[in-house]
Amino acid sequence: MHHMRTLILHTLTLSLLLCCGTASAQNRKKRRTAGAPAIEQPAPPVAVPETPAPRTAAFPSEEEAADPRTAPAYDLSPAEIDSLVSLWRERQTLASYHTFFNDYIALDSPATESETLPDSVYVRRLQALVSPVRLSYNPIVKNYISRYVDARYGTISRILSLSRYYFPLIEEELIKAELPVELRALPIIESALSPTATSPMGAVGLWQFMPATGKSYGLEINSFVDERRDPVLATRAACRYLRDLYNIYKDWTLAIAAYNCGPGNVNKAIARTGGGRTFWDVYEHLPRETRGYVPAFIGASYAYAYHRQHGISCENPPIPLATDTVQVNRLLHLEQVSSTLDIPIETLRALNPQYKMDIVPATLKSYTLVLPQHYLSQYVAREQEIFSKDSTYLKEYIDPANIEKKKIADATPAYIVYTVKQGDTLGAIARRYRTTTAQIMKWNNLKNANKLRLGQKLRIQTRR
């Protein structure tokens, strides 16, 4: 029976690979023959034939499958089914990735170095990426394109690798929110697609939320959980934030600028120009760091789409592409799962970066745990064994009250003390700490934002 089961698994796997590969090749051939325009469109689903599989030694006939005396010999175990689903999902992800670049990105020239390209090529390529976000071209944008496609840094190669895991998650949420899919490039310039990225000012995650902004959009932040690091939940919050900004400015370049420096700074830049309606209208009046933000967004969008034209290859993704989730309703340490199922703890951390202490604090509510697809049935089958290890890994947290006390203590505001230096303004200090002038005035009972004293102490709220 074991031999028969293995044969079935291998045969199904081979059939799956052949079906995916043949369908992908046929789709590419048809599109190129038809001369489809080189613009981004939704990728077609991978075709899976509905005709019955040919009868071989590995596939039973309908009569054999229905016969209780023979059917068990052809059953696959839950683990084997997980393996097939894992392979199928990985193949779909990679097929979708390659379809986008093969069918929807124009190969208008062989791989070449950016400095040898005339400006007209950049203009034509950006225009081909038809988008609600204006992908303008000028010397400032060209400079950022050159930075991203410079092979010496390897930035885009690493980002391309990570994008195979993160972009499907991000694109799904953008599509659900009816936002431009091209906004997927924002996490490239915010965090280089690192969910644990932390700025000197305390912004965290793919989308670099500050604590106050993250909390205002429903993200949980405490000693155990930081949902700014959760790729799905943080993306949903970012979608709501970006939608709010677009509803204010009705222009994506201004909304993107406001995402970086805050609506207050964009409003002041608009006022100083007498009513500029796009990023480039107010460019000179924006904070210096924000002047490079939209050009960097355009440069990252270009480099992602046209990396092959610049001779940039993609590394193998460091994260399993096929994953699934389980709901955890008891206190759980990631080591309990790692030691029981023999999953590397690094893999669990990469898939669940929101759990800062490797602890899922499911005491009063359930939390999501992401697992590699081919471990899913093992987790379900051995769940009790996993949870029985709590006394080994969670000695000090066995009492749920300890978890809740730490959450409450961690939610209490904390402050830093800033000493005013020569040339400081309240606006500059607020930008440095990703807050507002009004908040600093409130925390320090200031009546006039223009009356700072050299050496004055200012309390600025942060979060633990």
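The residues of the chain are indexed from 1 along the displayed sequence.
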Take I248 and V266 through the side chain to side chain contact (heavy atoms under 4.5 Å, CB included) test and state the conclusion after the steps.
CA-CA 11 Å; I248 293 171; V266 172; over 6 Å; no

Interatomic distance, CD1@I170 vs CG@L179, rounded to 0.5 Å, equals 12.5 Å

What I'd like to find out is whether the side chain of L242 reaches to under 4.5 Å of the side chain of L186, using heavy atoms alone.
yes

Are side-chain heavy atoms of T253 and F297 found at a separation under 4.5 Å?
no

Is any side-chain heavy atom of Y249 less than 4.5 Å from a side-chain heavy atom of P263?
yes

Exercise. Please tell me if the side chains of Y293 and I256 come closer than 4.5 Å, counting only heavy atoms from C-beta onward.
Key: yes

Sorted by chain and number, sequence neighbours left out, salt bridge (charged side-chain N to carboxylate O under 4.0 Å, His left out) with D119 holds for K142

### Task
With the side chain counted from C-beta on, respond yes when V360 and N352 share a heavy-atom pair under 4.5 Å apart, and no when they do not.
no

In terms of heavy-atom contacts, L245 and A258 come closest through CD2-CB, 3.9 Å

Which donor-acceptor pairs under 3.5 Å do side chains of residues 323-334 form with protein atoms, sequence neighbours excluded?
from, atom 1, to, atom 2, distance (Å)
Q327, NE2, T368, OG1, 2.9
H333, ND1, E335, N, 3.0

Rounded to the nearest 0.5 angstrom, the OG1-CG distance for T155 and L193 is 11.5 Å

Across all chains, not counting sequence neighbours, the ring pair (Phe, Tyr, Trp, His ring centres under 6.0 Å) partners of Y379 are none

Given the options E220, E227, Q354, Y367 meets side-chain hydrogen bond (donor to acceptor under 3.5 Å, both in side chains) only with E220

By side-chain contact (heavy atoms from CB on, under 4.5 Å), A238 pairs with (sequence neighbours left out) W207, F209, Y259

- Query: After noting the C-alpha distance and the side-chain angles of R164 and C314, does the key distance pass the side chain to side chain contact (heavy atoms under 4.5 Å, CB included) rule?
  - Reply: CA-CA 10 Å; R164 295 186 179 187; C314 177; 3.5 Å; yes

| field | Evaluation steps, side chain to side chain contact (heavy atoms under 4.5 Å, CB included), between V181 and I175 | value | CA-CA 7 Å; V181 175; I175 291 168; 3.8 Å; yes

### Query
Is the closest side-chain donor-acceptor distance between Y302 and H310 under 3.5 Å?
yes

* Within the side chain of R158, is there an N or O that forms a donor-acceptor pair under 3.5 Å with the backbone of A192? -> yes

Q.
Check whether D226 reaches the backbone of R228 with its side chain - one donor and one acceptor, N or O, closer than 3.5 Å.
A. yes

side-chain contact (heavy atoms from CB on, under 4.5 Å) with T235: of E172, E173, R184, only one passes, and it is E173

### Query
How about V337 and Y375: do any of their side-chain heavy atoms sit closer than 4.5 Å?
no

Separation between OG (S313) and CG (L160), nearest 0.5 Å, reads 9.0 Å

Can you give me every donor-acceptor pair (side chain of residues 280-287, partner residue at least two apart or in another chain, under 3.5 Å) with its distance?
from, atom 1, to, atom 2, distance (Å)
D281, OD2, R277, N, 3.0
D281, OD2, T278, N, 3.1
D281, OD2, T278, OG1, 3.3

**OP:** Could you tell me whether a side-chain N or O of R240 sits under 3.5 Å from a main-chain N or O of Y217, the two making a donor and an acceptor?
**Re:** yes

Quick check against the 3.5 Å criterion: does Q208 have a side-chain atom that pairs as donor or acceptor with the backbone of A197? yes

Does a donor on one side chain sit under 3.5 Å from an acceptor on the other, for Y355 and D230?
no

Sorted by chain and residue number, the side-chain contact (heavy atoms from CB on, under 4.5 Å) partners of H374 (sequence neighbours excluded) come out as S83, S86, P372

When rounded to the nearest 0.5 Å, the distance separating OG1 of T435 from CD1 of I440 is 5.5 Å

Scanning both residues in full, the closest heavy-atom pair of T290 with C261 reads OG1-CB, 3.0 Å

D358 vs L348 side-chain heavy atoms within contact, under 4.5 Å | no

Across all chains, not counting sequence neighbours, the side chain to side chain donor-acceptor pair (under 3.5 Å) partners of T347 are none

When every non-hydrogen atom of L206 is compared with those of P195, the smallest separation belongs to CD2-N, 3.7 Å

What one should report as the nearest heavy-atom pair of T196 and P353 is CG2-CB, 4.0 Å

Applied to residues 416-426, the side-chain hydrogen bond (donor to acceptor under 3.5 Å, both in side chains) test, sequence neighbours excluded, yields Y418-D424, Y418-R432, T419-K457

CG (L126) and OG (S301) are apart, to the nearest 0.5 Å, by 8.5 Å

Residue set satisfying side-chain contact (heavy atoms from CB on, under 4.5 Å) with P180, at least two apart, ordered chain then number -> P132, V133, E182, L183, W252

Does the Lys NZ or Arg CZ of R125 fall within the cation-pi geometry relative to Y306 - under 6.0 Å from the ring centre and within 45° of the axis?
yes

Heavy-atom closest pair (I188 atom, A300 atom, distance to 0.1 Å) is CG2-CB, 3.9 Å

| Taking C-beta and beyond as the side chain, do V420 and R453 meet within less than 4.5 Å on heavy atoms? | no

With sequence neighbours left out, the residues meeting salt bridge (charged side-chain N to carboxylate O under 4.0 Å, His left out) with R291 are none

Task: Test side chain to side chain contact (heavy atoms under 4.5 Å, CB included) applied to S161 and N316, step by step - done: CA-CA 6 Å; S161 172; N316 291 327; 5.7 Å; no

Smallest heavy-atom separation, P320 atom then L351 atom, equals CD-CD2, 4.3 Å

### Message
Tell me if the CG atom of N448 is crowded by more than 12 foreign heavy atoms within 6.0 Å.
### Response
yes

CD of E385 to CD of Q378, rounded to nearest 0.5 Å, is 11.0 Å

Residue pairs meeting ring pair (Phe, Tyr, Trp, His ring centres under 6.0 Å), one or both in residues 160-182, sequence neighbours left out, come to F167-Y304

Sequence neighbours excluded, the answer for side-chain contact (heavy atoms from CB on, under 4.5 Å) partners of K268 is N265, R272

